[in-house]
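Working notes, structure below.
Since the model is a prediction, treat every value here as computed from it, not as a measurement. One is the number of the first residue; the rest follow in order along the sequence.
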Amino acid sequence: MERHSLNSLGIYRKSLALRDLSEAVAQYFSYNKDFLSLRKIGSFRDDISQSLLIDAEQITKEVELAALSNSYSVRMRSLTFINIMTRNILAYCNGLERDGVKEKEYLNLLRKEIKTFRHSFKKWRKSFQNGND
């Protein structure tokens with residue numbers, strides 16, 4: 001599969017949407033408004049925001065890697081990482097909530113996006129297990 005055809009892959013588009021929403025939520029809740037520079041993190045909330053951003057970006061990279069790889073083991077490793085990172089993002093939402101975030105609707109929006117992504121991801125993952133790459 002070539003890079004331009006990745007955009008036609010539904011799970012890739014969903015990973016981009018998840019990444020973009022995660023970035024917006026992370027920026028909104030971070031105390032350090034320059035956290036995209038990857039400088040030293042100063043607070044629990046900044047740490048969670050940074051982790052959210054990194055994991056969401058990694059999900060997109062792993063979807064791309066799995067979609068483009070001819071190696072079964074590479075694909076399975078990427079699928080495992082994606083599963084872990086989606087659970088991490090849900091945990092980050094819980095952490096932000098416990099840290100006192102008042103705007104829970106943003107967290108719920110991100111949770112809904114994760115749920116949508118995971119639903120599509122499970123279908124996509126099954127296509128690899130059935131050998132229908």
Inset, instruction - Enter the distance from Lys61:NZ to Ser78:OG here, rounded to the nearest 0.5 Å. - result: 12.5 Å
Legend entry - Gln58 side, atom CD; Arg19 side, atom CZ - distance, nearest 0.5 Å: 12.0 Å
Inset, instruction - First locate atom CG of Asp55, then atom OG1 of Thr60, and finally report the distance between them rounded to the nearest 0.5 Å. - result: 11.0 Å
Inset, instruction - Could you tell me whether the side chains of Ser69 and Ser71 share a donor-acceptor contact shorter than 3.5 Å? - result: no
Legend entry - Distance-minimising heavy-atom pair for Leu109 and Leu21: O-CD2, 3.8 Å
Legend entry - Over all atoms of both residues, closest heavy-atom pair of Cys93 and Leu110: SG-CD2, 3.7 Å
Quick one: side chains of residues 112-119, donor-acceptor pairs under 3.5 Å with protein atoms, not counting sequence neighbours, listed by atom name and distance.
| unit_1 | atom_1 | unit_2 | atom_2 | d |
| --- | --- | --- | --- | --- |
| Thr116 | OG1 | Lys112 | O | 3.1 |
| Arg118 | NE | Thr86 | OG1 | 3.4 |
| Arg118 | NH2 | Asn83 | OD1 | 3.4 |

Inset, instruction - Find out if a path of hydrophobic residues (ILVMFWY) with successive side-chain heavy-atom gaps under 4.5 Å connects Leu65 to Trp124. - result: no
Legend entry - Over all atoms of both residues, closest heavy-atom pair of Ser120 and Lys14: OG-CE, 2.8 Å
Legend entry - Exercise: identify the closest heavy-atom pair between Ala66 and Leu79: CB-CD2, 4.5 Å
Legend entry - Inter-residue atom distance Phe44.CZ - Leu96.CG, 0.5 Å rounding: 7.5 Å
Inset, instruction - List for me each residue that meets side chain to side chain contact (heavy atoms under 4.5 Å, CB included) alongside Glu103, sequence neighbours excluded, and say none if there are none. - result: Tyr28, Phe29, Val101, Glu105, Tyr106
Inset, instruction - Answer yes or no: are there more than 12 heavy-atom neighbours, outside Lys123 itself, under 6.0 Å from its atom NZ? - result: no
Inset, instruction - Would you check if Arg13 and Val63 make a side-chain contact, meaning some heavy-atom pair closer than 4.5 Å? - result: no
Legend entry - Hphob cluster co-occupancy, Val74 + Leu9, side-chain heavy atoms under 4.5 angstrom: no
Inset, instruction - Working to the nearest 0.5 Å, report the span between CG of Leu52 and CG of Leu90. - result: 10.5 Å
Legend entry - Spacing of OG belonging to Ser15 relative to CD belonging to Glu57, to within rounding of 0.5 Å: 9.0 Å
Inset, instruction - Report the residues that fulfil side chain to side chain contact (heavy atoms under 4.5 Å, CB included) with Ile84, sequence neighbours left out, ordered by chain and then residue number. - result: Thr80, Arg87, Asn88
